[in-house]
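Step one of this worksheet: look at the structure below.
Since we're looking at a predicted model, the values are computed, not measured. Residue numbering restarts at 1 for every chain, and letters A, B, ... go by the order of the sequence lines.
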Amino acid sequence: MELSPDLLRQAHYWMRLARALDDRGTFLHKQSKIVGGYFSQIGHEAVSVGAALALEPNDVAAPMHRDLGCYLARGITPRRILAQYMGRSTGVSRGRDANIHGMGDLNFGIVGFISHLPASLPVAVGMAQAFTLKGESRVAMAFYGDGSSSQGLAHESLNWASVFRLPVVFICENNQYAYSTPLSRQMNIVDIADRAAGYDMPGVVVDGNDFAAVYRAAHEAVKYARAGGGPTLIECKTMRMRGHAIHDNMAYVPKELLTEWAHRDPITLLEDHMRGIGLLDNVGLSTLLAHIEAELDEAQAFAEQSPYPDEASLTDGVYA
Amino acid sequence: MELSPDLLRQAHYWMRLARALDDRGTFLHKQSKIVGGYFSQIGHEAVSVGAALALEPNDVAAPMHRDLGCYLARGITPRRILAQYMGRSTGVSRGRDANIHGMGDLNFGIVGFISHLPASLPVAVGMAQAFTLKGESRVAMAFYGDGSSSQGLAHESLNWASVFRLPVVFICENNQYAYSTPLSRQMNIVDIADRAAGYDMPGVVVDGNDFAAVYRAAHEAVKYARAGGGPTLIECKTMRMRGHAIHDNMAYVPKELLTEWAHRDPITLLEDHMRGIGLLDNVGLSTLLAHIEAELDEAQAFAEQSPYPDEASLTDGVYA
Amino acid sequence: MTWDQGLHKEISTIASEDASARELTYLEAIRDALRYELLRDARVLLMGEDIGVYGGAFKVTQGLFEEFGERRVIDTPMAELCMISVATGMAFQGLLPVVEMQFADFISSGFDSIVQFAATNHYRWGQAVPIVIRAPGGGGLRAGPFHSQCNEAWFAHVPGLKVVAPSTPADARGLLISAIRDPNPVIYYETKALYRSIKGPVPEGEAGIVPIGKAALRRQGEELTIIAYAAMVPEAMQAAAQLEAEGRSVEVLDLRSLRPLDEEAILASARKTGKVLIAHEANRTGGIGGEVAAIISQGAFEHLDGPITRVAAPDTPVPYSPPLEDAHRPNAAKILDAARTLLAY
Amino acid sequence: MTWDQGLHKEISTIASEDASARELTYLEAIRDALRYELLRDARVLLMGEDIGVYGGAFKVTQGLFEEFGERRVIDTPMAELCMISVATGMAFQGLLPVVEMQFADFISSGFDSIVQFAATNHYRWGQAVPIVIRAPGGGGLRAGPFHSQCNEAWFAHVPGLKVVAPSTPADARGLLISAIRDPNPVIYYETKALYRSIKGPVPEGEAGIVPIGKAALRRQGEELTIIAYAAMVPEAMQAAAQLEAEGRSVEVLDLRSLRPLDEEAILASARKTGKVLIAHEANRTGGIGGEVAAIISQGAFEHLDGPITRVAAPDTPVPYSPPLEDAHRPNAAKILDAARTLLAY
Ligand SMILES: Cc1ncc(C[n+]2csc(CCOP(=O)(O)OP(=O)(O)O)c2C)c(N)n1
Ligand SMILES: Cc1ncc(C[n+]2csc(CCOP(=O)(O)OP(=O)(O)O)c2C)c(N)n1
Ligand SMILES: [Mg+2]
Ligand SMILES: [Mg+2]
């Protein structure tokens with residue numbers, strides 16, 4: 001499948017935006033403008049954007065904490081995200097949930113993330129089952145990590161989706177670590193995608209730093225799901241390029257491993273490709289980056305000027 | 001591997017004892033002498049006895065509710081079991097736990113069963129990890145069913161055993177049903193053993209009604225585990241020949257399926273084989289059965305004459 | 001009666017919808033509510049282990065699979081944790097799932113998803129979770145530690161959840177309908193020991209819907225209030241009747257709803273009688289009784305004429321052997337004893 | 001200080017064993033207890049996510065992997081439910097595992113195995129389960145609904161479990177040593193907000209071991225008792241000091257052990273002062289405060305001079321935004337307010 005110039009440009013924008021928003025967050029955190037902890041997703045851009053762009057607007061996704069690109073590409077704005085990080089009333093969770101947690105908005109088909117991993121999987125399965133029961137031609141996508149793959153709920157979710165042949169796309173982001181824990185302490189196999197066979201579903205391994213590879217696999221899986229084929233498991237091999245969260249200097253990661261992956265940065269790879277086929281040049285890139293910086297400046301200003309939630313609202317919304 | 005006459009005779013005794021004790025329980029339940037519910041294990045004798053006999057006395061097992069043969073073969077006596085079913089103070093749990101639950105006694109390397117399936121798996125994994133840490137050459141065996149295989153804990157346990165390469169033998173008793181639920185509602189695959197590949201452990205399918213097949217596979221797996229090879233998953237294909245528990249008439253099971261399996265009764269199969277090689281004749285069989293009936297008569301009398309626990313002991317033993 | 005003798009029986013009497021003054025068992029009333037809601041609202045569906053073809057371990061859903069088909073009455077894999085989250089996902093997409101735990105004891109296997117996920121979505125990001133979790137609880141059936149639990153206190157502590165526990169057929173129906181229509185996750189504790197042991201008049205149609213959060217005064221009295229719920233309500237009524245025969249005037253308040261508690265009704269009764277006894281089948285320490293006592297001791301302090309007294313199960317698992325279970329389980333006699341002491345105070 | 005600013009810091013000061021009058025932080029005291037027990041008893045081992053090479057999310061176990069090696073300090077897969085059962089299995093075979101939940105919030109993922117399995121084995125078949133589960137709990141750190149929970153009440157309701165929650169460095173060590181030596185499963189709640197914010201003298205060797213089930217009278221007084229635990233103890237002390245400055249005499253009782261509760265100490269203090277305020281960081285409804293109030297209202301009824309008062313978090317998840325979290329979290333000022341009202345009663 002040839003990827004259209006338009007798709008590549010979109011992908012480029014969202015991946016650059018995710019990266020820039022991530023950097024902005026780090027900067028704001030250093031300035032103590034961000035409340036509490038902060039998760040970087042650098043290295044994950046091709047996964048989150050590649051998978052998200054394979055969905056239709058009417059589909060749904062349950063992203064995890066390094067899928068900023070998915071939130072953005074589906075329509076959660078940097079304004080709302082920065083306001084969220086700053087605990088403002090204009091943040092996605094209106095100051096209730098922390099950093100990337102609880103950033104859900106079903107108007108954009110996004111489920112709010114919950115810490116307890118891999119909770120995103122079964123909720124996507126349930127949404128997919130609702131689609132099936134209602135006869136809607138929609139697909140649910142769920143993300144989980146290599147660490148999350150050790151949790152029983154990962155098994156229950158994949159199995160449930162398989163038993164009911166539900167339209168779910170499981171994106172496993174294998175970024176080599178779960179907090180400080182290397183793959184060897186989570187599993188005794190090389191490819192998590194091998195487990196798909198235990199559910200009679202397709203299991204695919206892709207280069208998670210290659211946007212086109214992620215997009216193609218996800219697109220295929222979405223098509224298959226929508227056609228009634230059932231779930232697919234896509235394992236994206238990538239690398240978490242920062243610590244688990246901002247406080248973690250990841251001394252436990254071998255330097256060489258980071259260097260190796262740094263040479264395969266997903267944005268650089270995409271840009272090299274786009275330059276090669278004449279879709280990008282230096283001018284185009286600086287224009288885009290300037291545009292993004294301006295967008296983030298505006299978003300930051302919006303967030304900083306947004307009020308904190310009124311403490312009188314503390315108990316609002318515990319019940320619907 | 002040729003099975004020794006002695007082993008076959010042992011197996012025959014335990015399988016016959018399990019079957020007779022099971023029948024006795026049904027009889028006593030009809031007489032309202034057994035308290036509460038009652039689980040039959042008919043059809044499972046080759047699995048529970050075949051697996052248990054592959055263990056050394058110093059090994060441990062965490063059996064489930066249809067593994068009567070395992071309890072017996074490891075030394076829990078019919079006396080204690082019938083007293084347990086009758087809620088007597090001489091029962092294995094001293095009247096505290098119900099029917100086949102909580103019949104644990106580590107003097108015989110048996111863990112007390114808990115309802116919440118498949119709780120037997122991780123506790124066996126933990127015991128195996130203790131053996132490894134202490135440098136003991138012991139093996140832990142755990143049982144679970146086709147229904148239990150849908151639970152996340154099954155995944156976590158197999159994965160944990162694999163990651164730490166622990167001496168565990170997982171016996172999956174695929175008896176076609178989980179309560180009323182057929183395999184097709186638990187999984188979308190034919191062989192649960194296929195999932196072993198997802199943990200890089202050997203996965204074996206055996207005829208669970210063939211004692212020799214179960215024993216050989218279990219023996220192999222125990223040897224492999226003891227040699228440091230790690231865990232093995234053995235799936236035993238069998239059939240639950242009664243309802244889920246005694247109240248269940250299993251109208252949901254196709255008659256033909258039962259007939260088909262009735263022709264492959266594990267005890268008949270073993271006895272045919274023993275007759276064929278001259279280890280059993282009619283006289284030998286009647287002698288054995290008479291011996292077993294006498295044993296059970298004595299056990300029943302013991303149980304019936306045993307006192308109920310004193311209600312003053314109600315709160316004893318909540319804490320160690 | 002033990003759990004296998006009778007409790008699991010197939011029933012031929014599906015309550016007919018047109019009977020005008022129906023007498024239903026507690027179990028039939030539950031089924032009636034499920035059927036009524038399934039008929040009324042296409043978004044309602046049932047999910048659970050063995051609830052479809054088999055009709056459920058206790059036959060509560062018997063006949064519904066045949067009537068509504070496999071898209072509305074769904075037999076699931078054996079995976080409680082996933083099941084709760086799947087129900088939550090369905091609710092996100094406009095369905096109204098009613099999930100059956102085979103026994104309340106197994107709700108602990110789905111606990112994580114209930115307390116962390118279902119309970120918090122609306123507060124965190126405004127997404128309602130209209131699911132119901134049916135939990136057949138309680139003992140007295142010789143079913144031992146894993147088929148007799150009363151674990152409602154775990155959930156009564158969790159903001160975002162509602163918890164109800166009916167004690168009559170009418171409430172069994174009326175509260176279940178409310179639970180299904182409630183936009184929040186509701187844990188519906190149904191009492192196995194009441195399934196077939198009690199029968200009573202049950203309203204039809206939109207009549208008799210019981211709001212969540214309202215206690216029911218089962219009996220008026222002046223000298224003592226017994227606060228109870230679920231299986232302990234009939235026991236409390238029996239104790240109160242006996243005391244009346246002895247010339248004492250006792251009020252019985254059936255909580256029905258454990259979260260939210262009907263503080264107003266609790267305080268009103270406590271203020272009126274000045275003496276309160278709380279009875280529940282759950283373990284004493286950390287049970288609902290503690291919360292009720294705290295509410296009263298704070299809100300009706302000046303009206304109290306005696307120590308708030310709790311009658312509850314001692315702090316052990318539910319034992320199996322008959323003499324042990326009988327000693328363990330609170331009942332009318334134990335309530336009576338404690339009530340006499342309190343009345344004499 | 002937020003959870004990422006400071007809480008996760010690497011520490012260079014491993015407390016030296018021979019210092020005679022040591023001042024340790026709360027966190028150092030926990031580590032000291034772990035190290036002491038690891039040295040003393042070869043059966044003791046630690047298990048958890050990221051506790052080995054990394055030293056734990058809060059660096060509580062820092063240095064122990066290096067000192068004791070991978071057989072004593074075990075980095076595990078991310079699987080809390082399995083972890084608890086594995087620990088139980090290890091305990092069956094003579095080991096004494098101390099399991100770390102990365103945050104107390106994640107204990108719900110292992111809940112099933114704690115309440116159904118670990119808690120019940122000894123009652124059911126006589127098999128002791130000497131495990132400890134460390135649960136770093138509590139808020140005030142801008143960490144939101146999933147990294148701030150106080151969920152001790154779930155476990156305080158379960159027979160067979162013990163639950164402790166130290167508030168001082170000395171107790172952090174003394175109770176952890178007791179927990180490790182206890183033949184029962186003990187949930188050890190450690191308070192993240194106290195990790196590095198308090199320092200105090202910590203005994204060495206076999207000195208200063210704190211028995212489970214004994215409360216500590218932190219301050220004597222005549223007019224009012226404040227009962228608290230964990231993070232609310234320093235807040236209660238601050239409130240009491242303020243009240244003293246205003247001429248009032250306030251007693252502060254630190255529960256330390258939540259199951260079993262020290263009923264004797266609770267009742268003695270309630271009888272003495274006649275006015276009781278209970279403060280905890282957990283949600284109000286169904287919290288430990290209810291149980292304590294019930295004990296007092298039953299056991300010290302005649303001595304009460306005012307309504308038993310609770311200061312606790314309102315019934316919401318712990319919100320993230322600073323003004324919301326501050327409004328949510330009980331503190332000295334809120335205790336003071338309530339205490340003044342009660343004193344004026
Ligand atoms: C049930 C549960 N236990 C522990 C944690 C704490 N925790 C947060 S993220 C994380 C590692 C997750 O690893 P992975 O799934 O590989 O995702 P990654 O962070 O690498 O993207 C852990 C252990 C959690 N969130 N949930
Ligand atoms: C967590 C949990 N949920 C539900 C049950 C109720 N239950 C008891 S046995 C059973 C079926 C078990 O099926 P399987 O594992 O195949 O074992 P089998 O009974 O067929 O031997 C169910 C659903 C349970 N014991 N545990
Ligand atoms: Mg990872
Ligand atoms: Mg089965």
### Task
Take A:E235 and A:N174 through the test side-chain hydrogen bond (donor to acceptor under 3.5 Å, both in side chains) and record every step on the way to the result.
CA-CA 7 Å; A:E235 177 183 2; A:N174 183 341; 2.9 Å; yes
### Query
In terms of heavy-atom proximity below 4.5 Å to chain C, should A:V111 be classed as side chain, backbone, both, or neither?
both
#### Entry: Proximal component of A:I110, with respect to chain C [non-hydrogen, under 4.5 Å]
backbone
### Task
Could you please spell out the steps behind the salt bridge (Lys or Arg N to Asp or Glu O under 4.0 Å) verdict for A:R80 and A:D105?
CA-CA 11 Å; A:R80 295 177 73 197; A:D105 186 340; 2.9 Å; yes
Answer with side chain, backbone, both or neither: which region of [X] has an atom nearer than 4.5 Å to a non-hydrogen atom of chain A?
{"X": "C:Q116", "value": "both"}
{"X": "C:L81", "value": "both"}
{"X": "C:D112", "value": "side chain"}

### Query
What residue, out of A:K134, A:E136, A:M103, has the most heavy-atom pairs lying under 4.5 Å from chain C?
A:K134
### Message
As an exercise: rank A:G112, A:G102, A:A140 by heavy-atom pairs under 4.5 Å with chain C and give me the winner.
### Response
A:G112
Does the ring center of [X] lie less than 6.0 Å from the ring center of [Y]?
{"X": "A:Y199", "Y": "A:H155", "value": "yes"}
{"X": "C:Y229", "Y": "C:Y189", "value": "no"}
{"X": "C:F103", "Y": "C:F58", "value": "yes"}

### Message
Sort by residue number and list every residue of residues 174-181 of chain C having at least one heavy atom under 4.5 Å from chain A.
### Response
none
#### Entry: Residues of residues 83-93 of chain C near chain A, each having a heavy atom less than 4.5 Å away
C:M83, C:S85, C:V86, C:G89, C:M90, C:F92, C:Q93
### Query
Quick one: does NZ or CZ of C:K162 land under 6.0 Å from the six-membered ring centre of C:F155, within 45 degrees of the ring axis?
no
With a 4.5 Å heavy-atom cut-off, do [X] and [Y] have their side chains touching?
{"X": "A:H244", "Y": "A:F39", "answer": "yes"}
{"X": "A:P231", "Y": "A:L158", "answer": "no"}
{"X": "A:Y38", "Y": "A:D22", "answer": "yes"}

#### Entry: Leading residue by heavy atom contact count with chain A [cutoff under 4.5 Å; candidates C:T76, C:T120, C:V129, C:L45]
C:T76
### Query
Top residue by heavy-atom pair count (under 4.5 Å) with chain A, among C:P185, C:S113, C:G160, C:P183?
C:G160
### Residue that, paired with A:P118, satisfies side chain to side chain contact (heavy atoms under 4.5 Å, CB included) out of A:S148, A:S157, A:S149
A:S148
### Message
Treating A:S150 as the side-chain partner and A:Q186 as the backbone partner, does any N or O pair qualify as donor plus acceptor under 3.5 Å?
### Response
yes
### Task
Please determine, by modelled atom types, if C:H122 and C:Q127 share a side-chain donor-acceptor pair under 3.5 angstrom.
no
### Query
So, A:S115 versus A:H101: side-chain donor-acceptor pair below 3.5 Å or not?
yes
### Message
For C:D32, is there an ion pair with C:R173 - N to carboxylate O distance below 4.0 angstrom?
### Response
yes
